[in-house]
Amino acid sequence: MSTPPTDSSTSRRAVLGAIAATAAAPALISLAGPASADSAESSVRVAAADLPGGGDLGPNVIVFDPSTAGIQARLDEVFAQQESAQFGTGRYAFLFKPGTYNGLNAQLGFYTSIAGLGLSPDDTTINGDVTVDAGWFNGNATQNFWRSAENLALKPVSGTNRWAVAQAAPFRRMHIKGDLNLAPNGYGWASGGYIADSRIDGQVGPYSQQQWYTRDSTVGGWINAVWNMVFSGVEGAPAQSFPNPPYTTLDTTPVSREKPFLYLDGADYKVFLPEQRTNARGTTWGAGTPRGTSLPLSQFYVAKPGDSAATLNAALSQGLNLLLTPGIYHLDAPVQVDRAGTVVLGLGYATLIPDNGVTAVKVADVNGVRLAGFLIDAGPVNSPTLLEIGPQGAAADHSADPITVQDVFVRIGGAGAGKATTSIVVNSRHTIIDHTWIWRADHGAGVGWETNRADYGLVVNGDDVLATGLFVEHFNKYDVHWLGQRGRTVFFQNEKAYDAPNQAAVQDGSVKGFAAYKVADSVTAHEGWGLGSYCNFTADSTIRQDHGFAAPNTPGVKFHGLLVVSLGGMGQYEHVINDIGSATSGTSTVPSTVVSYP
C-alpha cells in the first residue's frame with residue numbers, strides 16, 4: 001500500500017495507527033514439522049479411508065441464479081459485515097449462474113469474491129455494477145485489499161463501473177460494457193492494481209491510481225497515469241512513453257496461462273484450466289469458448305475450514321486436486337503437492353496459517369501444478385519459508401507445462417503476530433508468478449521491526465522464471481532477490497519497510513539500504529519492464545537508500561522504465577539503479593526515473 005502523493009504534510013502511518021486501533025504417480029503425504037503421536041495416528045486414520053471428491057461448497061459460497069429472490073439483500077448483508085473488516089475472519093464467494101441479472105449493485109468488502117459460472121464472461125450478465133469504493137476509509141482507497149471480480153459481463157447503470165482497489169484485488173475475465181473508473185468517489189488516494197483477460201468497451205480512468213498493471217486484455221482507451229502504468233498484450237493500450245506519461249507498453253506478454261476457474265456445465269461444476277499462450281495479446285474468450293481442458297468437481301477434494309494438513313495431504317495422495325472453500329485453515333505440516341498437474345484452487349480468499357513454524361505449501365519439481373486464489377498468513381512461530389516452488393536444486397525443464405502461481409497472496413503480521421524469514425522461494429525453472437502481493441504488514445496487529453520480522457519477500461533461484469504483476473512490500477532486507485538466470489518481470493511495485501528504526505538497521509555491508517529488487521552478481525541474463533520502488537521511512541526520515549534496484553553491469557541484464565519515489569520526504573534514494581539515476585529530494589513525491597539500463 002502506498003502513501004498518497006498529494007499530501008506530504010500528513011504522516012499516513014499515524015492515521016493508520018489510529019484506524020488500526022479501532023492422474024500420475026500418487027503424491028506422498030508430508031508430515032514435516034513437529035507432530036504428536038495423536039496427530040500421527042489421526043493422519044493414518046485419514047489416509048486409511050478414501051476421501052470423497054466433489055460435494056457441497058459450504059455455507060460461505062453463495063450461489064445465485066436469475067430466479068433467486070433477495071439477491072441484493074444478501075449482497076448488502078455480506079458487505080455490511082465485510083466493508084471495514086480488514087483483518088477479520090469472514091471469507092465469502094458469490095457465484096452467479098449463467099443468465100441475466102437486473103438492477104444489482106454488488107459492493108465488495110474485504111475477503112469477498114464475485115464470479116460468474118459460465119465458460120465466457122458474456123454467459124453471465126449483470127445489468128448493474130460490481131463496486132469497490134472507499135467510504136469506510138474516508139475516501140482513501142489505499143487499503144482496499146483482498147477482494148476480486150471474475151468472469152462476468154457488466155452493463156453499469158451510469159455507464160461507468162467503479163473499481164477503486166489497492167493490492168491483492170484482481171479483476172479477471174471481466175467484460176465491462178461501458179467505462180471503468182479505478183478511483184474512489186471524490187478521486188481520493190488509490191494504490192492498485194491488476195487487470196487480466198478482460199475487455200473494457202469504454203475508457204479506463206485510473207485517475208489517482210499510483211500504479212497499475214494490465215495484461216492480455218482489450219480497452220477502449222486509457223485516460224491518464226500517475227507514476228507507473230504497465231501494459232502487456234493489451235489491445236488499445238497507450239503507446240510506450242515512459243516517463244512522460246509513465247506508460248510502459250509491451251505489445252505481447254511473453255508467456256501466460258490464465259487462472260483456473262469454476263464453472264457450470266449444465267448442472268455439474270467443473271474447473272476450467274486455460275491453456276498456455278506465448279506472445280499473447282487480447283483476451284482468451286473473445287472468439288468464443290476459451291482453449292483449455294476441464295476437470296469435473298469429482299476430481300477435487302472440496303476442503304472446508306477445519307480440515308487438517310493430514311486430510312489435505314491424504315486427498316492429494318489419492319490423486320485428488322484441492323478446492324479450498326472460504327475460511328481459515330490452520331496447518332501443523334506443509335501441504336505437499338507432489339503430483340504433476342495438480343490444481344489447488346481457493347475460493348473467497350481461503351487462508352492458510354502455519355501454526356508451528358512449518359512451510360504452508362511445498363510443490364515438487366513437476367510439470368503443470370497450478371496454485372491459485374488463496375492467502376497464506378504467517379503464524380506466530382517463525383517459518384523459514386511460507387511457499388516453496390520446487391526443492392532446492394530443482395532443475396527440470398518445465399517450459400512446455402510450467403508451474404503457475406496466480407492470485408496467491410502472502411501476509412506477515414497485520415491480522416496478528418506472524419514471522420517468516422522468506423515468504424516465497426521459487427526453485428523450479430519456468431515458473432510463472434502471475435499476480436501476487438507479498439506483504440510484511442505496516443499496520444494492524446502484531447506489527448514492528450522485530451515483531452513481524454520477515455527478511456525476504458521473494459527469492460528466485462530457478463532459471464527462466466517469469467513474474468507478471470509483482471507487488472512486494474516492506475521487508476526487512478531484500479524485497480526481491482533474484483539469483484536464477486534469464487528471469488523476467490513485467491511490472492513491479494514496492495515500498496521499503498516504513499518502520500526501519502535507523503540507518504544501521506538497513507545497512508547492506510557498505511551499501512546504504514537493502515535494494516528493493518536485487519539481481520545477484522552471478523546472473524548474466526535478466527530483464528524487467530515497469531518497476532517502481534518507494535520509500536517512506538516514518539520511524540527515521542534521515543534514512544538513505546543508495547538505490548532502489550541493484551543489478552550486475554552486463555549487457556544481458558536489462559531494465560526498462562525504472563522509478564524511485566520518496567513519499568513526502570520520509571527518507572531518500574541516492575540513485576535509481578546501482579549508481580545511475582538522479583537522487584530523490586524534498587517532499588514533492590516526484591519520481592526519479594531511468595528509461596533503460598544499462
Side-chain angles (χ1 to χ4, degrees), residues 1-8 10-22 75-88 90 92 94 105-114 128-149 154 156-158 160-171 174 176 179-195 204-212 223-227 229 349 409 411 414-415 437 439 441-444 471 473 493 495 534 536 567-568 589:
M1 156 204 64
S2 303
T3 294
T6 53
D7 185 356
S8 59
T10 302
S11 168
R12 189 177 58 163
R13 182 171 172 80
V15 174
L16 298 180
I19 289 172
T22 61
L75 295 169
D76 292 346
E77 177 188 6
V78 171
F79 178 65
Q81 176 184 316
Q82 298 299 114
E83 180 183 12
S84 59
Q86 183 171 179
F87 299 113
Y92 292 91
F94 292 117
N105 181 17
Q107 299 184 80
L108 300 187
F110 287 98
Y111 315 109
T112 305
S113 298
I114 188 170
D129 297 80
V130 172
T131 302
V132 177
D133 208 341
W136 74 279
F137 199 29
N138 300 315
N140 179 346
T142 60
Q143 293 183 38
N144 281 349
F145 314 137
W146 304 306
R147 63 202 75 198
S148 67
L154 302 179
V157 170
S158 69
T160 301
N161 189 77
R162 186 183 303 281
W163 184 254
V165 297
Q167 289 81 358
F171 198 78
M174 295 290 288
I176 306 302
D179 296 331
L180 184 63
N181 182 344
L182 304 179
N185 186 29
Y187 303 100
W189 300 326
S191 175
Y194 175 90
I195 293 171
V204 180
Y207 301 108
S208 55
Q209 283 285 356
Q210 294 156 356
Q211 67 278 316
W212 199 277
I223 293 174
N224 74 299
V226 177
W227 290 339
M229 300 286 158
Y349 286 80
F409 308 116
R411 177 172 65 194
W437 184 37
W439 186 55
D442 62 298
H443 64 276
F471 299 74
E473 295 187 309
Q493 185 265 327
E495 286 180 349
Y534 321 148
N536 184 39
L567 302 178
T589 66

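Defined by atom type and a distance below 3.5 Å, a donor-acceptor pair is present between the side-chain atoms of Glu473 and Trp437.
Residues meeting the side chain to side chain contact (heavy atoms under 4.5 Å, CB included) test with Ala441, sequence neighbours left out: Trp439, Val447, Asn452. With sequence neighbours left out, the side-chain hydrogen bond (donor to acceptor under 3.5 Å, both in side chains) criterion links Arg162 to no other residue. When the salt bridge (Lys or Arg N to Asp or Glu O under 4.0 Å) test is applied to Arg147, no partner is found at least two apart in sequence or on another chain. Every ring pair (Phe, Tyr, Trp, His ring centres under 6.0 Å) that Phe471 has, sequence neighbours left out, goes to His435, Phe491. Not a single side-chain hydrogen bond (donor to acceptor under 3.5 Å, both in side chains) links Asp133 to another residue, sequence neighbours left out. In this structure, Asn185 has no side-chain hydrogen bond (donor to acceptor under 3.5 Å, both in side chains) partners at least two apart in sequence or on a different chain. Residues meeting the side-chain hydrogen bond (donor to acceptor under 3.5 Å, both in side chains) test with Tyr92, sequence neighbours left out: Gln81. Contacts of Ser84 classified as side chain to side chain contact (heavy atoms under 4.5 Å, CB included), with partners at least two apart in sequence or in another chain: Trp136. Among residues two or more places apart in sequence or in another chain, the ring pair (Phe, Tyr, Trp, His ring centres under 6.0 Å) test is passed with Tyr207 by Tyr187. For Asp129, the salt bridge (Lys or Arg N to Asp or Glu O under 4.0 Å) test picks out no residue, with sequence neighbours left out.
The aromatic rings of Phe145 and His443 are tilted relative to each other, their planes meeting at an angle between 30° and 60°.
The heavy-atom pair separating Val165 from Gln209 by the smallest distance is O-NE2, 2.9 Å. Asn144 and Ala164 get closest at one heavy-atom pair: ND2-O, 2.8 Å. Across Ser208 and Ala183, no two heavy atoms sit closer than the pair OG-CB, 3.7 Å. Across all their heavy atoms, Gly205 and Asn224 have their closest contact at C-OD1, 4.5 Å. Scanning both residues, Trp189 and Asn140, for their nearest heavy atoms gives CE3-ND2, 3.3 Å. Across Val226 and Gln210, no two heavy atoms sit closer than the pair CB-CA, 3.9 Å.
A donor-acceptor pair is defined here as one N or O able to donate and one able to accept, closer than 3.5 Å; no such pair exists between the side chain of Gln107 and the backbone of Val132. No donor-acceptor pair under 3.5 Å is formed between the side chain of Gln82 and the backbone N or O of Tyr111. No side-chain donor-acceptor contact under 3.5 Å links Thr160 to the backbone of Asp179. Judged by distance alone, with hydrogens and angles left aside, the side-chain atoms of Asn161 form a donor-acceptor pair with the main-chain N or O of Val130 at under 3.5 Å.
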What do the steps show when you test Phe171 against Leu180 for side-chain contact (heavy atoms from CB on, under 4.5 Å), and what is the final call? CA-CA 11 Å; Phe171 198 78; Leu180 184 63; 3.9 Å; yes
Go through it in stages, so that I can follow the logic: the residues are Trp212 and Val204, the test is side-chain contact (heavy atoms from CB on, under 4.5 Å), and I'd like the CA-CA distance, side-chain angles, deciding distance and then a yes or no. CA-CA 11 Å; Trp212 199 277; Val204 180; over 6 Å; no
Show your reasoning for whether side-chain contact (heavy atoms from CB on, under 4.5 Å) applies to Phe110 and Tyr349. CA-CA 9 Å; Phe110 287 98; Tyr349 286 80; over 6 Å; no
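Interatomic distance, CG of Asn536 versus OG1 of Thr589, reported as 11.0 Å (0.5 Å rounding). Distance check, rounded to the nearest 0.5 Å: CG of Leu108 to CZ of Phe79 gives 8.0 Å. Distance check, rounded to the nearest 0.5 Å: CD of Glu83 to OG1 of Thr112 gives 10.5 Å. With rounding to the nearest 0.5 Å, the separation of OG in Ser148 from OH in Tyr194 is 12.0 Å. To the nearest 0.5 Å, atoms CG (Leu75) and CD1 (Ile114) are separated by 6.0 Å.
You'll find the side chain of Phe94 reaches within 4.5 Å of the side chain of Val78, heavy atoms only. When side chains are defined from C-beta on, Gln86 does not count as touching Phe137, because their heavy atoms never get closer than 4.5 Å. Under the 4.5 Å side-chain criterion, counting only non-hydrogen atoms from C-beta, Arg411 is in contact with Trp146.
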